[in-house]
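Every value quoted in this text rests on a predicted model; they were computed, and no experiment measured them. Chain identifiers are assigned alphabetically (A, B, ...) following the order of the sequence lines, protein sequences preceding nucleic acid strands; residue numbering begins at 1 within each chain.
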Protein chains: 2
Amino acid sequence: MALTDTNSWTGIREELLRRIHDRVWEPGAQIPHEADLAEEFGCARTTVNRALRDLAESGLVIRKRRAGTRVALNPPQRATLTIPIIREEVEALGKTYRHSLLERAYQPVPPMLHGVFHASLGDDVLYLKTLHFADDRPYAFEERYINLDTVPEARQRKFEVSSANEWLVHNAPYSRGDLSFSALNANEDTARILDCTPGTALFAMERITWTGDAPITHVKLIFAPGYRMRSRI
Amino acid sequence: MALTDTNSWTGIREELLRRIHDRVWEPGAQIPHEADLAEEFGCARTTVNRALRDLAESGLVIRKRRAGTRVALNPPQRATLTIPIIREEVEALGKTYRHSLLERAYQPVPPMLHGVFHASLGDDVLYLKTLHFADDRPYAFEERYINLDTVPEARQRKFEVSSANEWLVHNAPYSRGDLSFSALNANEDTARILDCTPGTALFAMERITWTGDAPITHVKLIFAPGYRMRSRI
DNA sequence: AAAGATAATATGCATGCACATATTAACGTG
DNA sequence: CACGTTAATATGTGCATGCATATTATCTTT
């Protein structure tokens, strides 16, 4: 009883979704195999495959060769969040962006990053402290370590006009990254920098990116009070 | 000079990625169209299409009919984060999970949610306050509103044995949701509940889910101090 | 009966082809 | 010359088919 009259792959996806939502196929249950579904919908197996692949990507069904396709028992709730370049994020709010470089230094790899920047223990890394503004009010405070082994060109850059954030995105694309989000209390320093009272709860994001096996950079972003990170599912 | 000898769609994707990373095709530049690439790689256009579609999905290239495919100017940084069921998250840490229902009441729609639960203004919603534990230590504090118009079966559930979190995932799958993350200072109440000192920075997640146009539930989760949400890119 | 080889099967992927659709460029007409 | 119409084009999608590959079931062999 497919109400979705189309036999487009999206149409078939909708119908499959409906059957999962309406528990025609219970969680954990095996669903008919591609060939059968193709026959039922009167379409090619390729088309059913496309629909099923899409559902598998979103985690709603689990597919294994030979074993078949089954409805996921605990549909993992996946959300894709887009982490914009800070300038764009600020400008999207209709505010004017600027940033100021608070510090730029060459340092030995800090202990915290020994595990990550393992290869270059003796060498220096570039350390940057940047403050991002929205309409002249502090928006986010950035602390960054750049691996000069991987991105030697960074040595030549001052990062005063275009931020490291932006420059790296355009010049050192990464293939892999770890992200983490947390909440922390503002200490004296960050409170002063972000213009808030010490102790205020702040939203923080940490990110390490690699290209292949070579670490590129470690960033810690601490946002001004009231920051919300949004996403759709 | 395709080093990737395979002509699988993943192989082609790798080669295209390489060209983008190595700036053979600069950001914003148009790349050859599918037919040409297919000829170059000696494969079917469909295969190139698959590779390009994948790159477009991750936001690295922008595709438009007739206009062609071009390298994204500002490759948006997308991260997919999986939001697990709290019980599973706790058990994955090797700790024992339990939860306790602190409050269960029928309430009129709170003003905060008027915009969301618009249809059911006069009606009541189910309000739940739950505390999640990991090894008998508070892990997260949950405040939830359930729309009884959408999920009337929730009226019969006590949510003492299985949490609302879990029950809803299995019984009211959603099609759409809004997520937001923020940091907040513990007030007297949450400090007492989560066993920390008032003022501590806490990580909070808010989520509203819909099935079609009907709102299902609104949840606010406040995690115990030290919580980190992790993700890979 | 346990262990290893082998066959069966469901999904994964590649191909060649045809047509749909969105978008841009070219054209023609008032 | 402005503006609407038409044609050209690149991507999007569907189909039929064949082979690849992972995994399970079955059948040997010791």
Could you check how far [atom1] of [X] sits from [atom2] of [N], rounded to whole Å?
X     : N      : atom1 : atom2 : value
B:K64 : C:dT21 : NZ    : C1'   : 15 Å
A:L52 : D:dG14 : CG    : P     : 13 Å
A:E34 : D:dT21 : CD    : P     : 17 Å
A:R45 : D:dC15 : CZ    : P     : 13 Å
A:H33 : D:dT23 : NE2   : C1'   : 16 Å
B:I31 : D:dA10 : CD1   : P     : 13 Å
A:R13 : D:dG14 : CZ    : P     : 11 Å

- Query: Between D:dA22, C:dA14, D:dT9, which nucleotide has the shortest distance from any of its atoms to the side chain of A:R66?
  - Reply: D:dA22
- Message: Please pick, from D:dG18, D:dC15, C:dT15, the nucleotide with the shortest atom-to-atom distance to any side-chain atom of B:T46.
- Response: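 Out of D:dG18, D:dC15, C:dT15, the nucleotide with an atom closest to B:T46's side chain is C:dT15.
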- Does B:H21 use its side chain to pair, donor to acceptor, with the backbone of A:A172 at less than 3.5 Å?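 Not at all, since once roles are kept as given, no pair shorter than 3.5 Å links the two residues.
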- Query: So what does B:R50 touch, heavy atoms closer than 4.0 Å: a base, only the sugar-phosphate, or nothing?
  - Reply: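 It contacts sugar-phosphate atoms only.
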- Task: Could you pick out which residue, B:R53 or B:Q30, lies toward the 5' side of DNA chain D when each is mapped onto its nearest nucleotide?
- Result: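 Residue closer to the 5' terminus by nearest nucleotide: B:Q30.
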- Query: So does A:R65 reach the base of D:dT21 with its side chain, donor to acceptor, closer than 3.5 Å?
  - Reply: yes
- Query: Does the pair A:E91/A:R87 count as a salt bridge with the N-to-O cut at 4.0 Å?
  - Reply: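 Judged by the 4.0 Å cut-off on N to carboxylate O distance, A:E91 and A:R87 do form a salt bridge.
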Determine: side-chain N/O of [X] to OP1/OP2 of [N], distance under 4.0 Å, yes or no.
X     : N      : answer
B:N49 : D:dG12 : yes
B:R63 : D:dG12 : yes
A:T47 : D:dT13 : no
B:T69 : D:dT11 : yes

- Task: Please name the pair of heavy atoms, one in A:R144 and one in A:N165, separated by the smallest distance, quoted to 0.1 Å.
- Result: NH2-CA, 3.3 Å
- Roughly how far, to the nearest 0.5 Å, is the NE2 atom of B:H218 from the CG atom of B:L113? 5.0 Å
- Item | Residues A:S180 and B:R230: side-chain donor-acceptor under 3.5 angstrom |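 B:R230 and A:S180 do not have a side-chain donor-acceptor pair below 3.5 Å.
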